[in-house]
Amino acid sequence: MKRIAVIKTSPHRKGNSNILADRFMEGAREAENEIVEIDINDYKLNFCRGCYGTGSSKACTSCGTCWQDDDGNKICNMIRDCDVLVFATPVYFYSVSGQMKVLLDRTVQLYGADYRYRDIYLLAACEAGGKSAMDGAIKTLQGWMDCMPGTKLKGVCCGTSALAPGTVGKKALDEAYGLGKAL
């Protein structure tokens, strides 16, 4: 059994990337994994100030916490002890949602930390019809992973041609389910 954090970063609770995440979780639960579901809409998350604790004796990268009074520390603590991280995002302007980028930046406190996760998955939905529309989202996530030694992108599910909520295709839904079930 693995402990899997599924992180929904869409501003739309019933958006297509969240639908993909729900399908992934269905498969992962059937495979008897533990799910830690994190919907970014349920948390207050400020953007990273890039200060590294400037003005204090403890930088976030050395003490593992941020000085900001929001839910960033809570989210980082939730994902630190998971085996697998799954990021679900809509694709805006050929990249991840702003909410996902803010979260990635706020995980700077995990840089050099003793985190458990190694396997990373990306579930993304976009209006464009071709999978190449996901390239920027994948590159953004890969840049984050390059700063998290030992992590590897294990799977990507692309829900293309999906603008209105609920229009993500059956093929993508089945793929998301299969990725979760395989864990």
Side-chain angles (χ1 to χ4, degrees), residues 2-48 70-79 82-107 117 119-142 144 153-183:
K2 293 183 180 181
R3 188 164 197 230
I4 304 166
V6 178
I7 306 159
K8 297 176 175 180
T9 66
S10 175
H12 306 286
R13 289 190 189 271
K14 296 183 189 246
N16 290 307
S17 63
N18 284 2
I19 293 169
L20 288 172
D22 290 341
R23 192 72 172 124
F24 181 99
M25 288 188 291
E26 185 180 339
R29 282 190 182 107
E30 285 183 19
E32 300 183 6
N33 292 292
E34 178 186 351
I35 305 295
V36 176
E37 183 177 353
I38 301 168
D39 186 329
I40 206 74
N41 292 296
D42 295 333
Y43 299 91
K44 179 184 177 197
L45 188 63
N46 299 328
F47 59 87
C48 179
D70 66 0
D71 294 318
N73 291 324
K74 180 178 182 178
I75 294 170
C76 285
N77 287 332
M78 291 169 70
I79 67 175
C82 290
D83 302 297
V84 177
L85 301 184
V86 180
F87 293 96
T89 184
V91 173
Y92 298 140
F93 295 104
Y94 299 101
S95 191
V96 300
S97 69
Q99 292 83 344
M100 181 168 161
K101 181 62 170 109
V102 167
L103 176 62
L104 292 176
D105 290 348
R106 285 298 300 280
T107 64
Y117 53 86
D119 297 344
I120 311 296
Y121 290 81
L122 177 64
L123 311 173
C126 72
E127 178 183 5
K131 285 191 175 191
S132 65
M134 303 296 175
D135 292 350
I138 294 167
K139 185 172 180 150
T140 296
L141 184 57
Q142 186 62 56
W144 176 81
L153 187 59
K154 296 288 283 189
V156 176
C157 177
C158 304
T160 59
S161 301
L163 178 60
T167 58
V168 66
K170 182 179 178 341
K171 182 178 176 185
L173 292 170
D174 290 345
E175 184 179 355
Y177 172 84
L179 288 172
K181 183 79 173 173
L183 293 175

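When reading the values below, keep in mind they use all heavy atoms of this one structure, side chains included, and skip hydrogens, waters and symmetry mates.
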K.L.:
Heavy-atom distance under 4.5 Å between the side chains of Asn77 and Lys74, does that happen here?
P.N.:
no

K.L.:
Return the set of residues passing side-chain contact (heavy atoms from CB on, under 4.5 Å) with Lys171 (not counting sequence neighbours), or none when no residue passes.
P.N.:
none

K.L.:
Restricting to pairs with a member in residues 13-44, which pass ring pair (Phe, Tyr, Trp, His ring centres under 6.0 Å), not counting sequence neighbours?
P.N.:
Phe24-Tyr121

K.L.:
Apply side-chain hydrogen bond (donor to acceptor under 3.5 Å, both in side chains) to Asp119 and list each qualifying residue two or more places apart in sequence or on a separate chain.
P.N.:
none

K.L.:
Find the distance between CG (Leu103) and CZ (Arg106) and round it off to the nearest 0.5 Å.
P.N.:
9.0 Å

K.L.:
What heavy-atom pair brings Cys157 and Leu179 nearest, and what distance separates the two atoms?
P.N.:
CB-CD1, 4.0 Å

K.L.:
Walk me through it: do Val36 and Ile4 pass the test side chain to side chain contact (heavy atoms under 4.5 Å, CB included)?
P.N.:
CA-CA 6 Å; Val36 176; Ile4 304 166; over 6 Å; no

K.L.:
For residues Thr160 and Met134, determine if any side-chain heavy atom of one lies less than 4.5 Å from a side-chain heavy atom of the other.
P.N.:
yes

K.L.:
Under a 4.5 Å cut-off applied to non-hydrogen side-chain atoms, are Ser17 and Leu123 in contact?
P.N.:
no

K.L.:
For Arg13, check side-chain contact (heavy atoms from CB on, under 4.5 Å) against everything at least two apart and list the hits.
P.N.:
Asp39, Asn41, Asp42

K.L.:
Between the side chain of Asp70 and the main-chain N/O of Asn46, is any donor-acceptor distance below 3.5 Å?
P.N.:
yes

K.L.:
Say whether, by atom type as modelled, one donor and one acceptor occur between the side chain of Asn16 and the main chain of Ala164 under 3.5 angstrom.
P.N.:
yes

K.L.:
Who passes salt bridge (Lys or Arg N to Asp or Glu O under 4.0 Å) against Lys44, sequence neighbours left out?
P.N.:
none

K.L.:
First locate atom CD of Glu30, then atom CG of Leu183, and finally report the distance between them rounded to the nearest 0.5 Å.
P.N.:
12.5 Å

K.L.:
Tell me which pairs pass salt bridge (Lys or Arg N to Asp or Glu O under 4.0 Å) where either residue lies in residues 87-104, with sequence neighbours left out.
P.N.:
Lys101-Asp105

K.L.:
What are the two closest heavy atoms between Met78 and Arg3, and how far apart are they?
P.N.:
O-NH1, 4.4 Å

K.L.:
Donor-acceptor pair, distance only, cut-off 3.5 Å: does the side chain of Thr89 make one with the backbone of Ser97?
P.N.:
yes

K.L.:
Looking at Glu175 and Val156, what are the two nearest heavy atoms and their distance?
P.N.:
OE2-O, 3.1 Å

K.L.:
Per the side chain to side chain donor-acceptor pair (under 3.5 Å) rule, what does the pair list look like for residues 123-141, sequence neighbours excluded?
P.N.:
Ser95-Thr140

K.L.:
What is the minimum heavy-atom distance between Ala28 and Ile35, and which atoms define it?
P.N.:
CB-CD1, 3.6 Å

K.L.:
Not counting sequence neighbours, which residues clear salt bridge (Lys or Arg N to Asp or Glu O under 4.0 Å) with Asp71? List them please.
P.N.:
none

K.L.:
Please report the closest heavy-atom contact between Gly159 and Ala162, naming both atoms and the distance.
P.N.:
O-CB, 4.1 Å

K.L.:
Who passes salt bridge (Lys or Arg N to Asp or Glu O under 4.0 Å) against Lys14, sequence neighbours left out?
P.N.:
none

K.L.:
If the condition is side-chain contact (heavy atoms from CB on, under 4.5 Å), which residues does Ala137 pass it with, not counting sequence neighbours?
P.N.:
Val91, Val96, Leu122

K.L.:
Are Asp83 and Asn33 packed together at the side-chain level, in the sense that at least one heavy-atom pair is separated by less than 4.5 angstrom?
P.N.:
no

K.L.:
So do the side chains of Val6 and Ile38 get within less than 4.5 Å of each other, counting heavy atoms only?
P.N.:
no

K.L.:
Taking the side chain as every heavy atom from C-beta outward, state whether Leu141 and Met100 have any atom pair closer than 4.5 Å.
P.N.:
yes

K.L.:
Kindly write out the residues that satisfy salt bridge (Lys or Arg N to Asp or Glu O under 4.0 Å) with Arg23, not counting sequence neighbours, or none if the list is empty.
P.N.:
Glu26, Asp174

K.L.:
For Ala182, enumerate each residue passing the side-chain contact (heavy atoms from CB on, under 4.5 Å) test, keeping only those at least two apart in sequence or located in another chain.
P.N.:
none

K.L.:
Mind telling me whether Phe87 and Trp144 have parallel, tilted or perpendicular rings, with 30° and 60° as the class edges?
P.N.:
perpendicular

